[in-house]
Novice: 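Got a structure for you, written out below as structure tokens; questions coming shortly.
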Amino acid sequence: MFLYNITLQRATGITHAIHGNFSGTKMQEIVVSRGKILELLRPDANTGKVHTLLTMEVFGIIRSLMAFRLTGGTKDYIVVGSDSGRIVILEYQPSKNMFEKIHQETFGKSGCRRIVPGQFLAVDPKGRAVMIGAIEKQKLVYILNRDAAARLTISSPLEAHKANTLVYHVVGVDVGFENPMFACLEMDYEEADNDPTGEAAANTQQTLTFYELDLGLNHVVRKYSEALEEHGNFLITVPGGSDGPSGVLICSENYITYKNFGDQPDIRCPIPRRRNDLDDPERGMIFVCSATHKTKSMFFFLAQTEQGDIFKVTLETDEEMVTEIRMKYFDTIPVATAMCVLKTGFLFVASEFGNHYLYQIAHLGDDDDEPEFSSAMPLEEGDTFFFQPRPLKNLVLVDEQENLSPIMSCQIADLANEDTPQLYVSCGRGPKSTLRVLRHGLEVSEMAVSELPGNPNAVWTVRRHVEDEFDAYIIVSFVNATLVLSIGETVEEVTDSGFLGTTPTLSCSLLGDDALVQVRDINLHRLLQSCMQKCNDSLLVSGQLNEYTERKEMSADVVCMSLANVPPGEQRSRFLAVGLVDNTVRIISLDPSDCLQPLSMQALPAQPESLCIVEMGGVEKQDELGEKGTIGFLYLNIGLQNGVLLRTVLDPVTGDLSDTRTRYLGSRPVKLFRVRMQGQEAVLAMSSRSWLSYSYQSRFHLTPLSYETLEYASGFASEQCPEGIVAISTNTLRILALEKLGAVFNQVAFPLQYTPRKFVIHPETNNLVLIETDHNAYTEATKAQRKQQMAEEMVEAAGEDERELAAEMAAAFLNENLPEAIFGAPKAGAGQWASLVRLVNPIQGSTLDQVQLEQNEAAFSVAVCRFTSAGDDWFVLVGVARDMILNPRSVGGGFIYTYRLTGGGDKLEFMHKTPVEDVPLAIAPFQGRVLVGVGKLLRIYDLGKKKLLRKCENKVRKGHRQVHLVKAGDFSPLMQKECRSAIKIVHFLCF
């Protein structure tokens, strides 16, 4: 067995997303791929929260993902294309909570190869066939059917190869129950490959090709191919048969086109653009993502542009012939890699960068005053429609999933002095970029915090009746009193509960069906709710509490005990766990046949503080009567006084203890409390830090809570918070909820302006110095100039009669401020750069100082260092490229900006900039000086009054560029990493 790999946290970026009824019920689920992970999500139709049902590692790279349903079926299957050289069909089994592999067919070598299928997947809308295609040449078609036992079957592959052909996209065409059809965007490069002049390559056209699967002949034929005017980037299937006109929508640069067989003419509609957009006017517009919603009476498409604008696209038909494409601005959301419209009215958006979102579709956009654009409207060739973007109107955000992708830079440090280091991560792209602080632990949501009249020592929750779903009372015990709070729409104090409030409570719970027990320091107080009467100021209680006549003498004093919950269908718990002062824990039988007989014993390394028996890791089972329940394993959790938690397997038949696991939780004695999480029992362990032990997706988790120290807790269930925790901390009562089970880290995000490239930590103040750089972007000053110029042009272009109206429109345009994190930043064009240097307090997330660089200056490296010649002052050095063009690569030179940290490390004071002949891609402090990688040169600089002083340099081999520099110590060898070579070690010799 070899280690495949291990990560601190699963990938959060989503590459593919599909939806369907995978569990076989009417509830719709979403399946997403996160690189090498498949995840099943289910949005709650009532709360709008997205819950993760299952996460599965596929041990490969998921390249494509599709859902299909056999004709007449009620359940959707999942087809996976990966780098394994196989096509895999999965079925979700709700009873086992797992994806079951139905079929796995091998067709090629493993690896992401251009001629091995797996990059593209397309399914016939009726679920009769699936096509899997490669980037070049190869396409295979599999026929899907049922056998006599109604099990899914798959045929041998049918080839649809075409040599010298590149594939851009593949979809299944909805042709009803005729022979299945697939549409491909292809390009034949054979002529271009054989023409050395390059003319054929310039004239090569993309083609739309239809492949038909003849079910009678069991053969795939190339039925039709047509050259396209514009270069398309993806296809959208139009519903066919009895649901629509069939055919495909071709999304290309600046246009969307409808095509179909027969006499159907092409319908072409321009893609609308934003009015008064700051983008480069020569830049084309494309759709990057789409989602289809279909009902029995109508269908429409939501198509998103690369700026994030969503348009509702509908087709007008006349006797099954499409006559018109209509488009209407719907809303603007972050650019997505995939969108899913659910029948419950939700829109799931897997963002390309930044967090993923779940929206509620509040309106379909039919009755608003937004202009509707049509292919029938007369326009000159090259002209388009214009619209005005606005905040959300048809969509309502209901949930959000955190996404770190892409991580640009990461450092681990305890800058908050919390004893446990934090991860500081710069991630995202453009205006959606963030600096995130990750802390190990579960995120805790505070539902309520109330101050109490003193410091309580314990808290419990009790129900009125054993069949009640929610708790009725919160019992808070003080040193000399007991406070009773009633749970309803609000939590408030009550005095008629029957609990005695003038004395402290040692314990309380529900007894039997409807009796409450209060244990006080004098006696045991029992309340029977159903037979409670007041007569002559005395409480008459009916019902009996019988004491077991026999006694069990223990070998030492008892310090703690625990009973498991009564299993379903039984009348009593099987075992009692007893912790003794002699550092042992003993399991005692509660069966009437051998009551109080010892069954097993375990020696402990320290005295036990608390015990808790729970049933965890359960799987759903169905009994003979058809009732569903979960059957798990019994675990005895032992909290010791030295801060250690032991978890031991408790045999449900013999009571034997085995397989003990140990974990150090903190410096205080460990107190254990039974709570419920996701319908199962869990253990809340309290030491100097609180921890939660729970089972999630058939896996055990022991995770700390990212919260302040708690002293006592109990499970809490109300209508507003069905699975919560009520706890006390000093003189406060807190109601908490843990919503993000399974997460390893909780996050705090601080927004940034441009894409973060690198950051360094100032050792004395723990502040962060970030450099943010974006290509194809404007600086704030250039944006303001462009807006002012466009406003002046609007006024000048207006006639005399319209001059006043144009001035008002120009003023409104100048005052318009759409947040770029949602609407995106304007694209300035190739070779345009925007950059800034930011000084951040990582604890508060506040920007202490910020320096905006000039237009077309791009920061690529940063370092914090001290110079021997400058005493104790700290300096920030930023490597900047000027007028850099990526392809073909050219650069107008570079600079090293030098700033002094002043004001206690909270301000950047500009000192000078040092010109260099190439891009300074790496800077590192070295022996009281600074080491800089300038293109192919490795240089050492010292501080000067007007610029940095070059001390020595070393030229790297021809064809290599410096990327990163690392030093192990002031007199250690220097490690140098090159972008086209390996790691080298360089010695600096001082004479």
Side-chain angles (χ1 to χ4, degrees), residues 18 20-21 64-81 86-91 102-108 117-118 120-134 137-162 165 167 169-186 207-226 235-248 259-264 292 294 320:
I18 56 175
N21 297 332
S64 51
L65 197 65
M66 290 295 287
F68 75 92
R69 180 183 299 190
L70 294 174
T71 304
T74 59
K75 189 174 189 178
D76 290 302
Y77 296 89
I78 304 159
V79 192
V80 183
R86 295 167 169 169
I87 184 171
V88 176
I89 298 179
L90 301 174
E91 179 186 5
I102 304 299
H103 290 287
Q104 177 178 277
E105 300 295 321
T106 304
F107 50 72
F120 300 105
L121 266 178
V123 298
D124 171 56
K126 299 300 181 185
R128 298 170 297 169
V130 58
M131 173 181 276
I132 184 166
K137 184 181 178 181
Q138 293 193 14
K139 290 181 283 292
L140 299 172
V141 177
Y142 291 87
I143 301 174
L144 305 171
N145 211 331
R146 292 189 184 94
D147 61 10
R151 292 174 302 205
L152 175 68
T153 62
I154 187 169
S155 71
S156 298
L158 305 175
E159 294 185 355
H161 304 338
K162 188 174 187 303
T165 302
V167 179
H169 199 226
V170 182
V171 294
V173 183
D174 194 344
V175 292
F177 289 100
E178 297 179 14
N179 282 334
M181 191 90 64
F182 298 95
C184 301
L185 278 177
E186 298 180 342
T207 60
L208 175 66
T209 306
F210 290 90
Y211 291 87
E212 182 182 17
L213 168 62
D214 193 318
L215 293 174
L217 299 176
N218 205 28
H219 183 63
V220 180
V221 294
R222 216 162 164 265
K223 186 170 184 180
Y224 175 75
S225 184
E226 179 184 347
L235 302 171
I236 303 174
T237 301
V238 176
S242 59
D243 299 323
S246 185
V248 293
K259 282 185 179 289
N260 202 357
F261 293 120
D263 300 329
Q264 171 69 57
T292 304
K294 183 178 71 172
E320 298 184 357

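The shown structure was predicted, so the numbers you read here are calculated from the model rather than taken from an experiment. Start at 1 with the first residue, then count along the sequence.
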Novice: Begin with the C-alpha distance, continue with both residues' side-chain angles, and end with the deciding distance and a verdict on side chain to side chain contact (heavy atoms under 4.5 Å, CB included) for Ser246 and Val238.
Specialist: CA-CA 5 Å; Ser246 185; Val238 176; 5.9 Å; no
Novice: Is Glu186 salt-bridged to Lys137, cutoff N-O under 4.0 Å?
Specialist: no
Novice: Could you please spell out the steps behind the side chain to side chain contact (heavy atoms under 4.5 Å, CB included) verdict for Leu185 and Val167?
Specialist: CA-CA 6 Å; Leu185 278 177; Val167 179; over 6 Å; no
Novice: Please report the shortest heavy-atom distance between Gly133 and Lys139, naming the atom on each side.
Specialist: CA-CG, 4.0 Å
Novice: So, using side chain to side chain contact (heavy atoms under 4.5 Å, CB included) as the criterion, who are the partners of Glu320 when residues are at least two apart?
Specialist: none
Novice: How many angstroms lie between atom OG1 of Thr71 and atom CZ of Arg128, to the nearest 0.5 angstrom?
Specialist: 6.5 Å
Novice: Any donor and acceptor pair, going by atom type alone, linking the side chain of Thr237 with main-chain N or O of Gly172 inside 3.5 Å?
Specialist: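 The answer is yes, because a donor-acceptor pair under 3.5 Å joins these two groups.
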Novice: Could you work out, with side chain to side chain contact (heavy atoms under 4.5 Å, CB included) as the rule, every residue matching Asp147, not counting sequence neighbours?
Specialist: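 Once residues adjacent in sequence are excluded, the partners of Asp147 under the side chain to side chain contact (heavy atoms under 4.5 Å, CB included) criterion are Ala149, Arg151, Thr153.
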Novice: If you look at every heavy atom in Ala160 and Met131, which pair is closest and at what distance?
Specialist: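 Shortest heavy-atom contact: CB-CE, 4.4 Å.
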Novice: Who pairs with Ala183 by side chain to side chain contact (heavy atoms under 4.5 Å, CB included), at least two apart in sequence or on another chain?
Specialist: Val171, Val173, Leu208, Phe210, Leu235, Val248
Novice: So which of Asp214, Val123, Leu213, Val141 actually passes side chain to side chain contact (heavy atoms under 4.5 Å, CB included) with Pro180?
Specialist: Leu213
Novice: Quick one: do Asn218 and Leu158 satisfy side chain to side chain contact (heavy atoms under 4.5 Å, CB included)? Show the steps, please.
Specialist: CA-CA 8 Å; Asn218 205 28; Leu158 305 175; 3.7 Å; yes
Novice: Tell me, with the steps shown, if Val221 and Tyr211 meet side chain to side chain contact (heavy atoms under 4.5 Å, CB included).
Specialist: CA-CA 6 Å; Val221 294; Tyr211 291 87; over 6 Å; no
Novice: Salt bridge (Lys or Arg N to Asp or Glu O under 4.0 Å): which pairs involve residues 169-182, sequence neighbours left out?
Specialist: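 The answer is none; no pair qualifies.
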Novice: Could you report the tightest heavy-atom contact between Ser225 and Thr209, atom names first, then the distance?
Specialist: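 Residues Ser225 and Thr209, closest heavy atoms: OG-OG1, 3.3 Å.
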Novice: Taking side chain to side chain donor-acceptor pair (under 3.5 Å) as the test, write out the residues that go with Asn260, two or more places apart.
Specialist: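 If we apply the side chain to side chain donor-acceptor pair (under 3.5 Å) test to Asn260, skipping adjacent residues, the hits are Tyr258.
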Novice: Using the test side chain to side chain donor-acceptor pair (under 3.5 Å), find all partners of Glu91 that sit at least two apart in sequence or belong to another chain.
Specialist: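 Residues passing side chain to side chain donor-acceptor pair (under 3.5 Å) with Glu91: Lys75.
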Novice: Measure the CG-CD1 distance between Leu65 and Ile18 for me, rounded to the nearest 0.5 Å.
Specialist: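 Result: 4.0 Å between the selected atoms.
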Novice: Is the closest basic N to carboxylate O distance between Arg86 and Glu105 below 4.0 Å?
Specialist: no
Novice: Closest approach of Val170 and Phe120, non-hydrogen atoms and distance?
Specialist: CG2-CB, 3.9 Å
Novice: Kindly compute the distance separating CZ (Arg146) from CG (Leu144), expressed to the nearest 0.5 Å.
Specialist: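 Rounded to the nearest 0.5 Å, the CZ-CG separation comes out at 11.0 Å.
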Novice: Quick check: closest heavy atoms across Gly118 and Ser64, and the distance to 0.1 Å?
Specialist: O-OG, 2.8 Å
Novice: For a quick test of reading the model, state the closest non-hydrogen atom pair linking Leu140 to Glu159 and the distance between them.
Specialist: CD2-CG, 4.0 Å
